[in-house]
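This structure is a prediction, so every number in the text was calculated from the model and none was measured. Counting starts at 1 for both ligands and their atoms, following the listed order.
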Amino acid sequence: MEDKQTNLCLSCDLHKAAEILELADTIGPHICVLKLHIDTLIDFSEAFVDSLEELSKKHNFLIFEDRKFADIGNTVVNQYKNGIYKIASWAHITNAHTLPGEGIITGLASVGKQLGRGLLLLAEMSSANNLFSKEYTQRTVDMALRNSDFVFGFIAQQSLPKLIESTSSASSSSSIDSNGNYFFSFYIQYIYIYCKKFILLSTINIIYHIYEILVDCDMLVLTPGVDLDIGGDSLGQVYRTPKLVIEDMGCDIIIVGRGIYSAKSESKPAEIALKFKAAGWNSYLNRIAS
Ligand code: 6AU
């Protein structure tokens, strides 16, 4: 990122190998990461992977397979290592949901660590009305910090300190009790949070986490749902601007797909990528200067 002065990740969600390689070669000089959904290719081959690896070296970007693993440890080991795609053999980065519990990280790490790979955890999503709760996000952050020898960051909508702060009041109990009595449970939860705040437990929690981050590890936040204007698509994707994401919310990398390769304007993808690159990097410089 520093070398190329870019915090732009291209989400290359095209379906033909030749189109992906052409776009990767054109936009490669302006990005730090190229993200794929390998299972959406109609003509996957090992030759495609070889060419992509060559472009990754030529333009100095990392390859991120957006696999969003979400199964038990034993299954993800095979999905990551084997099958047609053999993701671990070429993807520097992949990502996973934490829904199945920490075994998913242990399983992926057993394959990826020895290959020098890294994992991102989905702590938040960009889509409207998603089911990520504060507690889920908080527990995902905890899992990441506990596994910082393999997990190096998050897919999220805000920086790690903001994630910790915004979820510090999350209670481990659900808002709906076993009888479906939402309000009673909510009331108990409210008192619990109040008491917790009163005895400064949440503050201690935050300080402990910040200590862990400063001393132990540093996590990157890669953020999808980015376009030059605020908006969305017809299927619930929500777009925010590079300034909002990088400067205001403290994220590190903008992930941009259709904003670059299916732009409505007359401009070529490379010209639009340069606009995103400048917007993302300037927002980062503004943040660290303030
Ligand atoms: O810029 P877009 O909307 O064309 O593409 C956004 C890309 C897609 C999504 O699968 C992915 O980012 N994504 C993710 C990732 C990267 O995990 C998470 C999320 O919350 N939202 C999202 O759009 O390839």
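- Distances from ligand 1 to the non-hydrogen atoms of K35 include at least one value under 4.0 Å.
- Residue-ligand proximity: S11 is placed with a non-hydrogen atom under 4.0 Å from ligand 1.
- Between the side chains of N147 and E102, at least one donor N or O lies within less than 3.5 Å of an accepting N or O.
- Atoms of ligand 1 found under 4.0 Å from any heavy atom of M125, numbered from 1 in the order shown, are 18 (C), 19 (C), 20 (O).
- Closest to atom 20 (O) of ligand 1 by heavy atom, among G225, S126, G259, is S126.
- Around atom CD1 of I288, more than 12 heavy atoms belonging to other residues, nucleotides or ligands sit under 6.0 Å away.
- With hydrogens left out, the protein atom closest to atom 10 (O) of ligand 1 is H37 NE2, 3.0 Å, a heavy atom.
- For the residue pair T167 and T137, no side-chain donor N or O sits within less than 3.5 Å of a side-chain acceptor on the partner.
- Below 30°, between 30° and 60°, or above 60°: for Y80 and F69 the angle between ring planes is above 60°, a perpendicular geometry.
- Listed by atom number, the atoms of ligand 1 under 4.0 Å from R258 heavy atoms are 1 (O), 2 (P), 3 (O), 4 (O).
- With rounding to the nearest 0.5 angstrom, the NZ atom of K243 is 8.0 Å from the CG atom of N286.
- Inclusion of G257 in the set of residues having an N or O under 3.5 Å from an N or O of ligand 1 is warranted.
- In terms of protein heavy-atom proximity, atom 12 (O) of ligand 1 is nearest to P224 CB, 3.5 Å.
- Any N or O atom pair closer than 3.5 Å counts here, and Q237 shares at least one such pair with ligand 1.
- Here's the thing with S127: none of its N/O atoms is less than 3.5 angstrom from an N/O atom of ligand 1.
- Heavy-atom proximity to N95, at under 4.0 Å, picks out these atoms of ligand 1: 17 (O).
- For residues 41-68, every residue pair satisfying the ring pair (Phe, Tyr, Trp, His ring centres under 6.0 Å) rule, not counting sequence neighbours, is listed here: F44-Y85.
- Under 3.5 Å, the side chains of D66 and N95 contain a donor-acceptor pair of N or O atoms.
- When only interatomic distances are considered, the shortest N/O to N/O separation between Y239 and ligand 1 falls below 3.5 Å.
- With hydrogens left out, the protein atom closest to atom 15 (C) of ligand 1 is K68 NZ, 3.3 Å, a heavy atom.
- Here D227 has no heavy atoms under 4.0 Å from ligand 1, in either its backbone or its side chain.
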Kindly indicate, with the supporting measurements, whether the criterion side chain to side chain contact (heavy atoms under 4.5 Å, CB included) is fulfilled by D13 and K35.
CA-CA 8 Å; D13 299 337; K35 186 181 81 63; 4.0 Å; yes
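- Among protein heavy atoms, the minimum distance from atom 8 (C) of ligand 1 is reached at D13 OD2, 3.4 Å.
- In terms of protein heavy atoms, atom 11 (C) of ligand 1 is closest to D66 OD2, 3.6 Å.
- A donor-acceptor contact closer than 3.5 angstrom is absent between the side chains of S126 and Q157.
- Residues satisfying the side-chain contact (heavy atoms from CB on, under 4.5 Å) test with N282, not counting sequence neighbours, are A278, L285.
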